[in-house]
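These notes are about the structure you will find just below.
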Amino acid sequence: MESGFGSDFGGCGGGKLDPGLIMEQRMTDKCFRKCIGKPGGALDNSEQKCIAMCMDRYMDAWNTVSRAYNSRLQRERANM
């Protein structure tokens, strides 16, 4: 099983990037490094809360960027 932390963010789909997979891999890596001090068999309450809040913030930021990007694409297409 792959860890998902390599340089191949798009998986093995013939070089095609999957934005959802990229977001999941980066969010997992970022939140794990931020919230998990010593990996063990289970997460304690503070680690669970940290992971949940980190994931929420990351998804909010991703959605904001995605909306801004889509809006810009629409404006550029309208100006063609």
Side-chain angles (χ1 to χ4, degrees):
M1 184 171 170
E2 291 182 26
S3 68
F5 297 118
S7 61
D8 184 14
F9 288 111
C12 58
K16 185 175 180 182
L17 294 177
D18 179 352
L21 181 60
I22 293 170
M23 181 182 84
E24 183 179 330
Q25 289 172 340
R26 291 184 180 171
M27 177 176 55
T28 300
D29 185 44
K30 178 184 182 288
C31 294
F32 182 87
R33 283 186 282 122
K34 178 180 178 172
C35 297
I36 310 300
K38 288 187 174 183
L43 299 174
D44 64 28
N45 284 340
S46 64
E47 290 171 331
Q48 289 178 15
K49 288 178 185 177
C50 181
I51 291 283
M53 289 173 37
C54 180
M55 291 173 62
D56 285 345
R57 284 191 305 268
Y58 196 92
M59 288 187 288
D60 287 344
W62 180 274
N63 290 333
T64 299
V65 170
S66 294
R67 282 192 301 272
Y69 178 72
N70 287 330
S71 176
R72 182 174 178 174
L73 281 178
Q74 289 175 352
R75 283 194 313 268
E76 289 181 5
R77 286 180 183 155
N79 291 332
M80 292 182 147

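Because the structure is a prediction, the values reported are computed rather than measured. The residues of the chain are indexed from 1 along the displayed sequence.
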Least distance between heavy atoms, Cys31 atom then Ile51 atom:
O-CD1, 3.7 Å
Name all residues meeting the side chain to side chain contact (heavy atoms under 4.5 Å, CB included) criterion together with Asp44; count only those two or more places apart in sequence or in a different chain, and write none if there are none.
Ser46, Glu47
Separation between CD (Gln25) and CG (Leu21), nearest 0.5 Å, reads 4.0 Å
Just distance, no hydrogens or angles: give the donor-acceptor pairs under 3.5 Å from side chains in residues 72-80, sequence neighbours left out.
residue	atom	partner	partner atom	Å
Arg72	NE	Glu76	OE2	3.0
Arg75	NH1	Ser71	OG	3.1
Asn79	ND2	Arg75	O	3.2

Met59: what forms a side chain to side chain contact (heavy atoms under 4.5 Å, CB included) with it, not counting sequence neighbours?
Met23, Met27, Met55, Asp56
Salt bridge (Lys or Arg N to Asp or Glu O under 4.0 Å) contacts touching residues 31-42 (sequence neighbours left out)
Asp29-Arg33
With sequence neighbours excluded, residues passing side chain to side chain contact (heavy atoms under 4.5 Å, CB included) with Glu24
Thr28
What's the verdict on disulfide (SG to SG under 2.5 Å) for Cys50 and Cys35, showing C-alpha distance, side-chain angles and the deciding distance?
CA-CA 6 Å; Cys50 181; Cys35 297; 2.0 Å; yes
